[in-house]
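Data first, discussion second: the structure below is written as structure tokens.
Both ligands and their constituent atoms are indexed starting at 1 by order of listing. Everything quoted here is computed from the prediction, not taken from an experiment.
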Amino acid sequence: MKVAFCSSEVFPYAKTGGLGDVSAALPEDLAKAGVEVKVFMPFHKGIEPQEMHDGFGITKQGSIEVFFIKNDQYFLRDSIYVGEDGNDYPDSLERFSFYSKEVLKVLKKVNFCPDVIHSNDWQTALVNVYLKTLYKDDTFFKNTKCLLTIHNFAYQGLSVKEKFPLLGISDKFFDKEYFEFRGKVNLLKGGIVFSDIVTTVSPTYAKQIQTPEFGCGLERTLRKKGKNLIGILNAIDYTIWNPATDDFIYKKYSPDTLESKAINKTNLQRQLGLGEDKDTLFIGMVSRLAEQKGIDILSQAIDKIVSKCQLVILGVGEPRYHRILEEKAAKFKDSFSLALKFDEALAHKIYAGVDVFLLPSRFEPCGLSQMISYKYATLPLANHTGGLVDTVVDVSDGGGGFLFNNYNSSDLLSAVEEAQEVFSNKSKWQAILEKVTKFNFSWEVAAAKYIEVYKQLMN
Ligand code: ADP
């Protein structure tokens, strides 16, 4: 079975969030299961491929080849999606239309005829569209099917309608049944319509997006996919996320040496200038600072949270959230540490050093941090939505985390209080930690599910 996997970000070459993690781990586990995989991403700034060819670079990673589609005007930029104003680049459509056409050209050039093209999110959705339009009658691709995985419906790749002709497909597709969305061009919508199967990253989110509350205007288009809309839970890569082998953390530990987690806690407290105190509940968050992530309800609750607990937030995102959090950090220097940056090393130290990891998301397609947290004997505290429903069960129901059911600051605070109470009971806390470190959210399981879907497509 041959699969071309298309993504705008693949760790370690580029990552802004979960998509980068998924696009690195899933191809690897597909390859382990015997699938022949080639990965295609844009040649972003800083990437140094092992080989250069005309128009693309290649790096071999075991049996996988990662192709970097080159266009310096489009991809040699400091940030991969947004300009300095915090908005998507105004030429997003041109950038990813170029990328998508190139992927299909390169597939032919290197004579790799995929059984399935697996695209991800709006950036690479056009690969599927071009397969079914420009390449509809091309014998090379006559048996190629396509799948689109959507990691987040809040990002749809919108452009003004004047740009539609730049896509290079028939004008008839600027229509409500295809690309048109409230007078604009919607790349994700076009991708959904043209893909043979659409998947999203958790079973609960797959249901939620068919409703107006979570569908972001695409609920009708999605409902039309019927059984060709599937939820497959994401997973995490335990070769990267494992405190027993993690070189970023202060002291390695495993389920048998959980007492060493405390060393990570005190070292992190010291590094961040917080009081070194093992009995204070230490709460952490590592997140894109986007509307989805619950910063508004968190900021309303922060004063109360930091009066009893310590808090560290690592994140970058919208300037308005930077400002809100900076104000709070200045006010609560002793108990709240804020790092407004992307920092892989600090992220690992936080997963290892804190007691509780916050995910107060308004909506969450899957969320990876809760799964990472379990491995580091850190308990997630989350809103009951999307993939968090599929992965977090409240301690009071025999699970290993804390859930709140309504998206507001007082419910969030009650969950923090619940966590504090359980934390004060050392033996109970210890027993929960021992349980969660045994949870298994490995890619092997998820990859097997994708392979099932590929097979379904090929028949
Ligand atoms: P999303 O894809 O919506 O950003 P996920 O929970 O799926 O959310 O994935 C987030 C991933 O990105 C996790 O690996 C998290 O640790 C990482 N991450 C987010 N922000 C930062 C940051 N500022 N520094 C380092 N890692 C980050």
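- Remark: ligand 1 and Lys15 share an N or O pair separated by less than 3.5 Å (distance only, no angle test).
- For NZ of Lys15, the number of neighbouring non-hydrogen atoms (other residues, nucleotides, ligands) closer than 6.0 Å is greater than 12.
- At the shortest separation from atom 16 (O) of ligand 1 among protein heavy atoms lies Tyr351 OH, 2.7 Å.
- Around atom CD of Glu421, no more than 12 heavy atoms belonging to other residues, nucleotides or ligands sit under 6.0 Å away.
- Taking atom 4 (O) of ligand 1 as the reference point, the nearest protein heavy-atom neighbour is Arg288 NE, 2.7 Å.
- Of the protein's non-hydrogen atoms, Gly18 N, 2.7 Å is the one closest to atom 2 (O) of ligand 1.
- Note: Ile209 CD1 to Leu229 CG = 5.0 Å, rounded to the nearest 0.5 Å.
- The shortest N or O to N or O distance between Lys341 and ligand 1 is under 3.5 Å.
- When the heavy atoms of Lys293, Glu344, His151, Glu364 are ranked by distance to atom 1 (P) of ligand 1, first place goes to Lys293.
- Using bins of under 30°, 30° to 60° and over 60° for the plane-to-plane angle, the ring pair Phe68/Tyr13 lands in the perpendicular bin.
- Using a 30° and 60° split on the angle between ring planes, Trp241 and Tyr376 fall in the perpendicular class, above 60°.
- Proximity to Ala347 (heavy-atom distance under 4.0 Å) selects the following atoms of ligand 1: 25 (C), 26 (N).
- For atom 20 (N) of ligand 1, the closest non-hydrogen atom of the protein is Ser287 C, 3.5 Å.
- Polar contact check, Trp241 against ligand 1: no nitrogen or oxygen pair lies under 3.5 Å apart.
- Within 6.0 Å of atom CD in Glu444, 12 or fewer heavy atoms from other residues, nucleotides or ligands are found, so the atom counts as exposed in its surroundings.
- Aromatic ring pairs are classed by plane angle as parallel below 30°, tilted from 30° to 60° and perpendicular above 60°; the pair Phe75 and Tyr99 is perpendicular.
- Considering backbone and side-chain atoms together, Val286 places no N or O closer than 3.5 Å to any N or O of ligand 1.
- Remark: minimum distance from atom 13 (C) of ligand 1 to any protein heavy atom is reached at Asp21 OD2, 3.8 Å.
- Judged by the shortest distance from any of its heavy atoms, Gly367 lies inside the 4.0 Å radius around the atoms of ligand 1.
- Ring geometry, His118 versus Tyr450: the interplanar angle falls from 30° to 60°, so the pair is classed tilted.
- At the shortest separation from atom 22 (C) of ligand 1 among protein heavy atoms lies Phe342 CD1, 3.5 Å.
- Taking the six-membered ring wherever Trp is involved, the centroid distance between the rings of Tyr238 and Trp443 does not fall below 6.0 Å.
- When hydrogens are left out, the protein atom nearest atom 6 (O) of ligand 1 is Leu368 N, 2.9 Å; that is the closest non-hydrogen contact.
- Listed by number with element, the atoms of ligand 1 under 4.0 angstrom from any heavy atom of Ser369 are 6 (O).
- Interatomic distance, CG of Asp279 versus CG of Asp355, reported as 10.0 Å (0.5 Å rounding).
- For Lys308 and Glu417, the salt-bridge test fails: no basic side-chain N is under 4.0 Å from an acidic carboxylate O.
- When the heavy-atom distances from atom 25 (C) of ligand 1 to Leu289, Thr16, Asp343 are ranked, the shortest goes to Asp343.
- Every N/O-N/O distance between Gly17 and ligand 1 stays at or above 3.5 Å.
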